[in-house]
Amino acid sequence: MNDTPRPPDRPIARLLRLVLGNFDAPPGKRRIALALAYGALCHFVFAAAVLWMFWTLYNGMTTAFGAVPWPWAALTNLALLLQFPVLHSLLLNGKFASWPARVFPEPYGPVLASTTYTIFASLQLLALFLLWTPSGIVWWQAEGGAKVAVTLLNFGAWGFLMKSNLDAGAELQSGALGWMSLLQKRKPNYPDMPQTGIFRFIRQPIYLGFALTLWTVPTWTPDQLALALGLTAYCVIAPRRLKEPRYRRRFGARYETYQENTGYMLPKRTGTR
């Protein structure tokens with residue numbers, strides 16, 4: 001448990017220091033080759049997952065490549081929907097949280113754990129949005145001014161999500177922390193409890209942003225509704241049940257005070273009537 005706050009550290013400055021440290025990495029051909037190769041894999045899979053997720057959601061899940069015959073497609077789609085929140089949570093909580101650190105032997109495994117976790121999560125997203133079998137039913141598709149308006153809302157939701165990830169620590173969220181720490185032959189410096197940027201107003205902006213990307217789309221299908229309902233339920237319930245207890249164990253009274261003073265997904269009202 002860590003009740004002692006660190007000195008204030010701006011997320012962008014911290015990220016820049018980490019990136020610039022790569023240019024002064026200690027020698028070690030094997031270590032450097034592994035770090036660069038694993039980093040390239042991580043960012044390729046991460047970018048592919050985010051871009052394909054954006055495109056598939058934007059088109060109401062109609063661009064997914066699954067081709068399972070119906071009604072079996074309903075079961076495979078349900079399995080794809082459940083695998084992301086279930087595995088995502090298992091690899092962050094309890095005894096399964098140590099798995100990403102075991103992919104590589106000591107001393108590389110623990111250093112690369114955050115990069116490994118990002119690769120796992122990205123592959124899960126790719127599986128969900130690539131292998132989903134579309135129903136072929138389109139309920140509504142925005143056109144003209146309505147499409148422009150909804151698209152702007154969608155871009156705004158994605159911008160909110162990206163800003164939230166930056167405030168939480170872009171190096172951790174993108175997987176860069178692990179491989180860059182290995183490259184620089186040092187212990188990963190995990191970001192402190194996020195309280196800056198959007199986190200000043202709400203405790204769970206990443207989950208809120210993720211949920212908003214599900215609902216601000218110009219094409220609505222039964223697939224999109226099922227996905228939006230399922231993942232939104234996860235975004236609302238999981239942080240309170242899993243993430244926040246983990247943060248209370250890690251940061252102690254600091255996080256409890258933060259919880260009391262900061263809203264969950266909506267800012268707390270200030271003042272009295």
Side-chain angles (χ1 to χ4, degrees), residues 40-94 96-97 99-100 103 116-144 146-151 153-155 157-158 161 173-175 206-239 241-242:
L41 172 64
C42 174
H43 296 313
F44 174 80
V45 177
F46 180 80
V50 171
L51 290 173
W52 190 250
M53 174 185 166
F54 165 78
W55 183 246
T56 308
L57 286 176
Y58 188 80
N59 289 282
M61 300 298 292
T62 61
T63 57
F65 290 134
V68 178
W70 292 87
W72 303 112
L75 294 177
T76 58
N77 286 348
L78 178 61
L80 287 168
L81 175 58
L82 292 177
Q83 60 85 23
F84 179 75
V86 170
L87 291 178
H88 189 76
S89 297
L90 285 176
L91 292 176
L92 281 174
N93 301 277
F96 297 102
W99 282 17
V103 171
T116 299
Y117 179 82
T118 299
I119 292 174
F120 283 173
S122 299
L123 290 174
Q124 286 183 263
L125 285 175
L126 276 174
L128 174 59
F129 292 104
L130 278 172
L131 302 180
W132 185 279
T133 299
S135 66
I137 301 171
V138 177
W139 283 334
W140 179 78
Q141 195 163 26
E143 297 179 355
K147 185 172 184 177
V148 172
V150 175
T151 298
L153 286 174
N154 187 246
F155 285 176
W158 278 97
L161 177 59
Q173 304 298 321
S174 67
I206 294 177
Y207 285 91
L208 175 60
F210 188 83
L212 290 174
T213 66
L214 302 171
W215 294 96
T216 55
V217 296
T219 301
W220 278 93
T221 64
D223 315 72
Q224 181 68 30
L225 181 60
L227 191 81
L229 289 172
L231 292 182
T232 299
Y234 169 70
C235 288
V236 172
I237 297 171
R241 297 289 183 87
L242 298 173

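Note that these values count all heavy atoms, side chains included, but never hydrogens, waters or copies made by symmetry.
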Item checked: Residue pair F65 / L131, side-chain heavy-atom distance below 4.5 Å -> no
Side-chain donor-acceptor contacts of residues 77-85 below 3.5 Å, not counting sequence neighbours, with atom names and distances?
residue	atom	partner	partner atom	Å
N77	OD1	T133	N	2.9
N77	ND2	A73	O	3.4
N77	ND2	T133	O	3.0
Q83	OE1	Q124	NE2	3.2
Q83	NE2	L80	O	3.2
Q83	NE2	Q124	O	3.1

Note to self: As an exercise, state the distance from OG of S89 to CG of L242, rounded to the nearest 0.5 Å.
What the structure shows: 5.0 Å
Check: Which atom pair, heavy atoms only, marks the closest approach of C42 to G175?
Finding: SG-CA, 3.9 Å
Note to self: So L130 and W132, do their side chains get closer than 4.5 Å, heavy atoms only?
What the structure shows: no
Margin query: Does the plane of the ring in Y117 sit parallel, tilted or perpendicular to the ring in H88? Use 30° and 60° as the thresholds.
Written below: tilted
Notebook entry, point to check: Does the side chain of Q141 reach to within under 4.5 Å of the side chain of P218, using non-hydrogen atoms?
Noted result: no
Check: Are F96 and W99 an aromatic pair by the rule of ring centers under 6.0 Å?
Finding: yes
Notebook entry, point to check: Can L128 and M53 be said to form a side chain to side chain contact (heavy atoms under 4.5 Å, CB included), step by step?
Noted result: CA-CA 9 Å; L128 174 59; M53 174 185 166; over 6 Å; no
Notebook entry, point to check: Does some side-chain heavy atom of W158 sit less than 4.5 Å from a side-chain heavy atom of F210?
Noted result: no
Check: Who are the side-chain hydrogen bond (donor to acceptor under 3.5 Å, both in side chains) partners of T151, not counting sequence neighbours?
Finding: Y58
Margin query: Tell me if a side-chain donor or acceptor on T213 pairs with a main-chain N or O of A157 at a distance below 3.5 Å.
Written below: no
Next item on the list: Evaluate side chain to side chain contact (heavy atoms under 4.5 Å, CB included) for L57 paired with L227, printing each intermediate quantity in order.
Entry: CA-CA 9 Å; L57 286 176; L227 191 81; 3.5 Å; yes
Note to self: Quick check: closest heavy atoms across A49 and S122, and the distance to 0.1 Å?
What the structure shows: CB-O, 3.5 Å
Next item on the list: Test F120 against V103 for side chain to side chain contact (heavy atoms under 4.5 Å, CB included), laying out the working first.
Entry: CA-CA 11 Å; F120 283 173; V103 171; 4.0 Å; yes
Checklist line | N154: partners by side-chain hydrogen bond (donor to acceptor under 3.5 Å, both in side chains), with sequence neighbours left out | finding: T216
Next item on the list: Could you check L225 against W215 for side chain to side chain contact (heavy atoms under 4.5 Å, CB included), going step by step and ending with a plain yes or no?
Entry: CA-CA 8 Å; L225 181 60; W215 294 96; 4.1 Å; yes
Notebook entry, point to check: Heavy-atom distance under 4.5 Å between the side chains of F129 and F54, does that happen here?
Noted result: no
Margin query: I'd like to check P100 versus L91 (side-chain heavy atoms, cut-off strictly below 4.5 Å). Are they in contact?
Written below: yes
Notebook entry, point to check: Between atom OG1 of T118 and atom NE2 of H43, what is the distance when rounded to the nearest 0.5 Å?
Noted result: 8.5 Å
Check: Do Y207 and V236 have side-chain heavy atoms sitting under 4.5 Å apart?
Finding: no
Note to self: Quick check: closest heavy atoms across A64 and P134, and the distance to 0.1 Å?
What the structure shows: O-CG, 3.6 Å
Check: Could you state the interatomic distance from CZ (F46) to CG (L51), rounded to the nearest 0.5 Å?
Finding: 9.5 Å
Note to self: Test your reading of the model: is there a side-chain donor-acceptor pair from T62 to the backbone of N59, 3.5 Å cut-off?
What the structure shows: yes
Notebook entry, point to check: Do the non-hydrogen side-chain atoms of L212 and L161 ever get within less than 4.5 Å of each other?
Noted result: no
Checklist line | Heavy atoms from other residues, nucleotides or ligands near CH2 of W140 exceed 12 (cutoff 6.0 Å) | finding: yes
